[in-house]
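Since the structure comes first, as structure tokens, the remarks are kept for the end.
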Amino acid sequence: MGKVDAVAGQRAWQAARPGTLLDLGLPVGWLDGLPATPTVWACVLDEARTKPAFAVLR
């Protein structure tokens, strides 16, 4: 098997907890087709922070 140098996350903008990608112990190189810069991470995490954790059933 080959060595994994980094991972790419897809649909991070829609994820309830996108930061769990960081728990893999590997560098995240890309998020939704964008380089995973600190600015992109800040935007993704801020977007997730403003979403409700669970859908409200009425």
Side-chain angles (χ1 to χ4, degrees):
M1 276 196 182
K3 179 183 170 197
V4 176
D5 293 320
V7 296
Q10 293 183 341
R11 298 184 183 187
W13 295 101
Q14 294 90 12
R17 297 178 61 197
T20 58
L21 270 173
L22 299 171
D23 292 338
L24 296 174
L26 294 167
V28 179
W30 293 88
L31 284 173
D32 291 337
L34 299 170
T37 63
T39 302
V40 171
W41 268 113
C43 291
V44 169
L45 295 173
D46 187 56
E47 181 75 18
R49 183 185 59 81
T50 61
K51 292 180 192 172
F54 299 98
V56 176
L57 300 175
R58 294 180 185 211

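Quick caveat: nothing in here was measured; it's all calculated off a predicted structure. One-based numbering along the sequence shown.
Trp30 and Leu24 end up in different hydrophobic clusters when Ile, Leu, Val, Met, Phe, Trp and Tyr side chains are linked at under 4.5 Å. In this structure, Val40 is a member of the same hydrophobic cluster as Leu21, with clusters built from ILVMFWY side-chain heavy atoms closer than 4.5 Å.
Residues Pro18 and Ala12 come closest through the heavy atom pair CB-O, 3.8 Å. Summarising the geometry of Ala36 relative to Leu31, their closest heavy-atom pair is CB-CG, 4.2 Å, with the distance given to 0.1 Å. Residues Trp41 and Leu22 come closest through the heavy atom pair CZ2-CD2, 3.7 Å. Between Glu47 and Thr50, the closest heavy-atom pair is O-OG1, 2.8 Å. Annotation for Ala6 and Gly29: closest pair CB-N, 4.2 Å, computed over non-hydrogen atoms.
By the neighbour-count criterion of 12 heavy atoms within 6.0 Å, atom CD of Gln10 is sparsely surrounded, having that number or fewer from other residues, nucleotides or ligands.
One distance of note links OG1 of Thr39 with CG of Leu34; it measures 11.0 Å at 0.5 Å rounding.
Counting only heavy atoms from C-beta outward, the side chains of Arg49 and Asp46 approach each other to under 4.5 Å.
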